[in-house]
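In what follows, a single structure is set out as structure tokens and then discussed.
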Amino acid sequence: MTLEPLVCYDWQEADLRKICKSIGPEAGALVVSAPGAGKTLIGVEAIKRMKPSTVLIIAPPSTHAGAWGKTLRRQGIDLPIHRLVGTPAKELFGKLMWGQPGVYITSAQWFTRQKWAGVEPDMVIIDEIHMLGKYGNKGQRVMCGYGRTKGLQAKLRIGLSGTPWRNSFDNAWAIARWIEPRAVNPEYWAWRITECVGKYDHFAPQNLLVTGEKEEGKLARSLTCFIAHRQRDKCCKFHPSGFLGHLAEPIRVERDLEMTKEQAQFYKSMEKTYFAFLTTPDDNGKVPVVASLPIVARGMLRFCALALPSLNEDTNRLYFEPDAPSPKIDQLISDLGSLDGKRVLALTHSQQFASLATARVNAAGFKAAEWSGATTKTVRDKLLQDFESGNLDIIIGVISAMGTGTDGLQRSAYNVIFLSVDDDSSNNTQGVSRLDRLGQEHQVVIMDYRMEDTFDVGHLSRQLARQLDLNRTLLEAAR
């Protein structure tokens with residue numbers, strides 16, 4: 001079935017007029033729009049209107065065939081569309097290098113591994129450009145260049161992101177350098193000192209942990225084409241209250257749960273001494289699991305708050321048995337029964353737990369499906385159809401796999417349940433935005449499942465807290 005082309009909103013038309021008028025070899029466009037504002041459509045329409053012969057799109061893999069592929073075809077882009085993945089990628093890269101017309105789509109990971117000297121597409125669009133923004137990372141160096149090596153060249157450059165600086169403003173330098181080199185100091189360290197504010201941190205570069213911009217908004221104003229759209233804050237003449245201003249902000253409900261006795265004993269033991277004893281399924285013996293580093297301890301604590309883990313002695317890894325006690329899954333099944341047929345999106349940071357929860361919810365008589373990095377494009381399309389038609393009660397997704405490129409769920413549900421959260425808060429925001437976006441007709445309800453007295457509610461072990469305090473004291477004394 002051929003779909004009719006999407007029609008741009010008035011504000012999107014205004015954005016496209018600005019892009020087409022402003023960008024060129026000296027200055028590109030940075031489009032900073034909250035999730036759901038149609039960044040992909042803006043990119044595709046820019047291709048359609050500016051008519052480049054060769055286009056490189058760098059985007060998360062989950063968006064290649066779906067968000068980008070579908071929109072390119074739907075809007076009538078008549079260039080051949082190629083995906084630079086797998087075995088054909090080398091041959092296709094050669095075609096791009098020699099300037100053969102087409103739209104070439106690849107991931108940031110694949111892009112980073114290639115040598116781009118001599119490759120200059122007519123247009124480059126980087127979706128989720130913050131992925132390449134961290135100074136010193138290989139992706140940033142390939143994008144911007146380093147030493148005598150030039151970065152990614154293009155006559156027309158467009159960067160797209162909902163959170164371009166991600167979690168730190170110092171990521172802005174690389175993005176601005178690629179979009180419009182003349183807009184920022186070419187020396188990163190000098191720019192960092194003159195344009196950023198922060199606080200002392202012994203482990204941070206120059207002992208400065210960047211917390212923001214000295215003159216808020218200066219960088220955005222320095223770019224020739226900077227476009228921003230926010231969900232519920234004034235951002236342009238079209239959106240005095242944001243593009244979702246007509247929809248009430250999501251309601252957040254915190255549901256505090258208690259661990260099972262055995263789960264709590266294991267958790268408290270690990271929290272207290274950094275090791276705990278797990279009962280092995282074969283000999284009922286006790287096997288020690290040791291977490292000697294704070295980051296490892298944190299990961300293990302979060303894992304153990306989901307369900308009671310077991311130990312695979314061959315790999316020395318924790319895993320969940322099919323019948324592992326889990327108050328979170330029990331509560332999820334109970335809530336599904338109380339929602340009276342309303343569809344639900346449940347999110348977790350753990351793929352193992354998503355698989356366990358999906359199996360248990362199905363066993364309880366509901367229709368559930370897992371959405372993770374292992375879910376293929378074909379299966380994802382089928383899940384969206386089943387969810388919209390009511391053949392699924394719940395999708396249990398891994399936050400990192402659902403954070404970008406997933407559209408359509410908002411027409412079927414308005415309840416989000418966080419079984420656990422991701423370490424990166426912007427991923428959690430992206431997860432909520434799968435429902436809280438254009439096309440949603442109800443106020444979104446967010447339920448947070450939190451285990452009391454665990455890392456779920458921000459509690460670190462006393463021993464870890466004391467150790468970190470001691471480290472800080474020693475570092476301060478050494479200054």
Electrostatic pair K18:E13 at N-O distance under 4.0 angstrom: no

Residue pairs passing the salt bridge (Lys or Arg N to Asp or Glu O under 4.0 Å) test where at least one lies in residues 247-257, sequence neighbours excluded: R252-D448, E254-R450, R255-D335, D256-R450

Nearest atoms (heavy-atom pairs only) where I158 meets I179: C-CD1, 4.3 Å

Salt-bridge contact D423-R302 (side-chain N to carboxylate O under 4.0 Å): yes

T71 and T40 side chains, donor-acceptor separation under 3.5 Å: no

Nearest heavy atoms of P322 and R360, plus distance in Å: O-NH1, 2.9 Å

Aromatic ring proximity, centroids under 6.0 angstrom, W191 and F169: yes

Spatial distance of atom OG1 (T163) from atom CD1 (I129) [nearest 0.5 Å]: 11.5 Å

Heavy-atom pair with the smallest gap, counting every atom of A29 and I19: CB-CG1, 4.1 Å

NE2 on H229 to CG on L244, rounded to 0.5 Å: 12.5 Å

Where A264 and M259 come nearest, the two heavy atoms and their spacing: CA-CE, 3.8 Å

side-chain hydrogen bond (donor to acceptor under 3.5 Å, both in side chains) contacts touching residues 362-371 (sequence neighbours left out): S355-E370, E370-S372

OG-CG distance between S350 and L419, expressed to the nearest 0.5 angstrom: 10.0 Å

Test of ring centre spacing under 6.0 Å for F320 and F303: yes

Approximate separation, where rounding is to 0.5 Å, of S433 OG and Q440 CD: 11.5 Å

Test: R221 and E215 ion pair at under 4.0 Å: yes

Pair K218-E213, salt bridge (charged side-chain N to carboxylate O under 4.0 Å, His left out): steps then yes or no: CA-CA 8 Å; K218 179 181 177 181; E213 191 175 10; over 6 Å; no

Salt-bridge contact R437-D407 (side-chain N to carboxylate O under 4.0 Å): yes

Heavy atoms of other groups near R74 CZ, more than 12 under 6.0 Å: yes

NZ (K48) with more than 12 external heavy atoms under 6.0 Å: yes

Short N-O contact, D10 and K237, less than 4.0 angstrom: no

Any donor-acceptor N/O pair, Q153 side chain to G151 backbone, under 3.5 Å: yes

Closest heavy-atom pair and its distance - W68, I57: CE3-CD1, 3.7 Å

Nearest non-hydrogen partners of R380 and T375, listed with the distance: NE-O, 3.0 Å

